[in-house]
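Written out below as structure tokens is the structure these notes cover.
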Amino acid sequence: MKRMVVLVYLFISIWIIAGYCVPGEALEKPTQVNQEDSQLVETSSSRTTSAALRPEDFTYLGAFRLPDDGDRPNTFAYGGEAMTFNPSGDPNGPSDGFPGSLFVMGHNRIPYGELPEGNKIAEITIPVPKKSRLVSDLNQAEFLQPFSNIDAGYFFNLDEIPRVGMQYLDNPATGPIIHITWGQHFQEDSAFMVPSQAWFATDLSSPNMQGSWYIGNQSFYSTNDYLFEIPLEWAEPYLEGFPLATGRFRDGGWSGMGPCLFAYCPWIDDHGTPAESGSRLEEKVLLLYESSLNTPNITRCLNDYQHGDEWTGGAWITTPSGKNAVLFAGTKSSGDLYWYGYLHPDGPEYACVEKEFIGQFTLCRMADGTPYPDERSAVCSNPTSNRGWWSSRFNARFILYDPMDLIKVATGELESYQPQPYTFLDIDDHLFLNPMGIELEMLGTGVQRRYRLGDITYDRANGLLYVLELFADEAKPVIHVWQIQ
């Protein structure tokens, strides 16, 4: 098992890049980004109104374990790529304050057909979350629908580090269905440049997949990971009713140097008729930073951007009292150094670059993007990890955007790279952080632990945010829960 998963992560890309992004001021103040012409562009002002969702509005409730059904692919081990909340699920469940159910994706596929039935989906109950430092103390969910392969041949060849998102949506036009987006780590080859969006029925035994569609002419690296609902009070007056937001962050900045987001609608009339398969759906750009594929300079980027960032989930948060934010969750590269290469055996304060690429592109940088003075001195002889983007520190983090800033992008009042988070929340204190020491060469250890979070989903009616922590229950995720306001 370990060998197969490590093999997947050996296929890590090389990013030919140079330059740096000037960090903005503290997130509670107006922020700025650096442009190629060296002019400074002011973005949104800090949110001081009562509508701003703040870190103190998040109350941690605890976590719960996932069930299991046996050997791969019928297991959540090495899974957690996608998750969505179903408000109509588990109608016979207990009245314990955690209604509904969750659809969660299991064990990822593996390249070269080694696990073609991976990325199955199951529906589970939501038990009462519990605070404990021991995973074994947590309550455990139960299956409502067993693991099912809903692919139906739509995304069968996308198996090299899959990137998948899901969103349950009960719209009057379509009724209750689950929308899905699917991609993989590399998608330059024409065989993998397939439409990214589709939908399927909530009855996993008869998914009746519909689609699939492209998101306009956008890059595959910016459209096919997280997927979430746009509330009607935002979609109808500002976005022509487009009910869904999709996006992706591709490490190395191939997607754009920060999280991307696009609004779209995959049906064409009030009867929920799906758009023609293979068509390019109209999209509204909400957030799109400069891509490292377009420029050798790191510019027009997320403040404090680093190449090892990972944004893996998103939600458009609204509360009954009127607070709101667009939230992205992931593992933020936040160290004093970040580099392409390996972990150094002497500790996180040392970089260990891949000597094969010295002179081809900047391998190592300081936190502000300044190139490391001498990359040859950062070569180590006995690295202790898989190759990839590493940092002297990572943090599990929520970042919060003002939704009106994203609306201003859609209406042309702001450039797509101008919005910046107005605050953030680090959540490591609540995580288990791989207590069994699974896949240490791939994940790293201590402050250098990568891939901390998977997908997230939001129960809007009850203000409950569900967050997958990867590799917390041996190789399985656990689900953490926050009450918002």
Side-chain angles (χ1 to χ4, degrees), residues 2-17 78 80-81 108 110-111 159-163 183-188 221 225 248-255 257-258 292-293 298 305-312 330-358 360-367 369 371-372 375 378-397 433-434 437-454 470-471 475:
K2 179 177 180 179
R3 179 191 63 81
M4 291 180 287
V5 176
V6 171
L7 177 64
V8 173
Y9 282 88
L10 289 178
F11 293 88
I12 300 176
S13 57
I14 302 170
W15 298 273
I16 301 178
I17 48 178
Y78 297 92
E81 184 61 35
N108 275 352
I110 299 176
D159 59 11
E160 191 261 316
I161 312 182
R163 292 289 180 259
Q184 69 172 25
H185 191 58
F186 284 109
Q187 288 193 255
E188 286 82 34
Y221 293 129
D225 193 352
R248 175 178 175 180
F249 174 78
R250 170 55 153 81
D251 51 358
W254 286 19
S255 56
M257 290 176 271
S292 62
L293 297 177
I298 301 179
Y305 169 81
Q306 295 186 8
H307 298 314
D309 291 351
E310 289 281 350
W311 302 109
T312 52
T331 307
K332 181 73 179 74
S333 174
S334 56
D336 294 333
L337 291 172
Y338 62 97
W339 62 91
Y340 184 80
Y342 310 90
L343 289 181
H344 197 291
D346 292 340
E349 62 269 32
Y350 301 102
C352 182
V353 302
E354 172 54 83
K355 63 180 179 180
E356 177 183 350
F357 303 124
I358 290 178
Q360 298 183 33
F361 65 98
T362 302
L363 294 169
C364 182
R365 298 180 182 275
M366 314 295 281
Y372 192 76
E375 289 184 335
V379 174
C380 63
S381 59
N382 52 343
T384 59
S385 71
N386 292 350
R387 192 171 73 182
W389 281 109
W390 292 96
S391 173
S392 56
R393 185 177 186 86
F394 292 97
N395 297 87
R397 180 171 292 182
L433 297 174
N434 194 10
I438 303 296
E439 301 287 2
L440 296 181
E441 292 184 353
M442 176 180 72
L443 300 177
T445 62
V447 296
Q448 292 183 289
R449 161 69 200 280
R450 300 189 295 180
Y451 311 128
R452 300 186 184 198
L453 301 183
L470 305 180
F471 298 95

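With sequence neighbours excluded, the residues forming a side chain to side chain contact (heavy atoms under 4.5 Å, CB included) with Ser391 are Gln306, Ser333, Tyr338, Phe394, listed by chain and number. The side chain to side chain donor-acceptor pair (under 3.5 Å) search around Glu354 returns Tyr342, Arg387, not counting sequence neighbours. For Asp346, the side chain to side chain contact (heavy atoms under 4.5 Å, CB included) partners at least two apart in sequence or on another chain are His344, Tyr350. Shown here are the side chain to side chain donor-acceptor pair (under 3.5 Å) partners of Tyr372, two or more places apart in sequence or in another chain: there are none. With sequence neighbours excluded, no residue forms a disulfide bond (SG atoms under 2.5 Å apart) with Cys364. Taking Glu188 as the reference, Phe186, Tyr221, Trp254 meet the side chain to side chain contact (heavy atoms under 4.5 Å, CB included) condition, with sequence neighbours excluded. In this structure, the side chain to side chain contact (heavy atoms under 4.5 Å, CB included) partners of Ala475, at least two apart in sequence or on a different chain, are Ala77, Tyr78, Ile438, Phe471. Evaluation of the side chain to side chain donor-acceptor pair (under 3.5 Å) rule for Ser392 yields no partner, not counting sequence neighbours.
For Arg393 (side chain) and Asn395 (main-chain N/O), no donor-acceptor pair under 3.5 Å exists by modelled atom type. Between the side chain of Glu375 and the backbone N or O of Pro371 there is no donor-acceptor pair closer than 3.5 Å. The closest donor-acceptor contact from the side chain of Arg452 to the backbone of Leu470 lies at 3.5 Å or more, if one exists at all. In this structure, the side chain of Thr312 engages the main chain of Leu453 through a donor-acceptor pair within 3.5 Å. Using modelled atom types, no side-chain atom of Glu160 and backbone atom of Gln184 make a donor-acceptor pair closer than 3.5 Å.
Between atom OG of residue Ser255 and atom CH2 of residue Trp311 there is a gap of 12.0 Å, rounded to the nearest 0.5 Å. Considering CG of Leu440 and CG of Leu343, their distance stands at 10.0 Å, rounded to 0.5 Å. Once rounded to the nearest 0.5 Å, the distance linking CG of Leu443 with CG of Asn386 reads 9.0 Å.
Under the 4.5 Å side-chain criterion, counting only non-hydrogen atoms from C-beta, Phe357 is in contact with Leu363. Taking 4.5 Å as the limit, some side-chain heavy atom of His185 sits within range of a side-chain heavy atom of Arg250. At least one side-chain heavy atom of Asn108 sits under 4.5 Å from a side-chain heavy atom of Glu81.
Residues His307 and Arg365 approach most closely at NE2-NE, 4.0 Å, considering heavy atoms. Residue Asp251 comes nearest to Asp309 through the heavy atom pair CB-O, 3.9 Å, listed as atom of the first residue, atom of the second, then distance. Between Thr384 and Pro345, the shortest heavy-atom distance links the atoms CG2-CB, 3.8 Å. Minimum interatomic distance between Glu349 and Leu337 (heavy atoms only, all atoms of both residues): O-CD1, 3.7 Å. Considering every non-hydrogen atom in both Tyr451 and Glu310, the closest pair reads CE2-OE2, 3.7 Å.
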Decide yes or no on side chain to side chain contact (heavy atoms under 4.5 Å, CB included) for Arg397 and Thr331, but give the supporting numbers first.
CA-CA 6 Å; Arg397 180 171 292 182; Thr331 307; over 6 Å; no
Would Val379 and Ile358 satisfy side chain to side chain contact (heavy atoms under 4.5 Å, CB included), going step by step from the backbone distance to the final call?
CA-CA 9 Å; Val379 174; Ile358 290 178; 3.6 Å; yes
Trace of the side chain to side chain contact (heavy atoms under 4.5 Å, CB included) decision for Tyr340 with Val353
CA-CA 6 Å; Tyr340 184 80; Val353 302; over 6 Å; no
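Annotation: cation-pi geometry satisfied between Arg450 and Trp390 (NZ/CZ under 6.0 angstrom from ring centroid, within 45° of ring axis).
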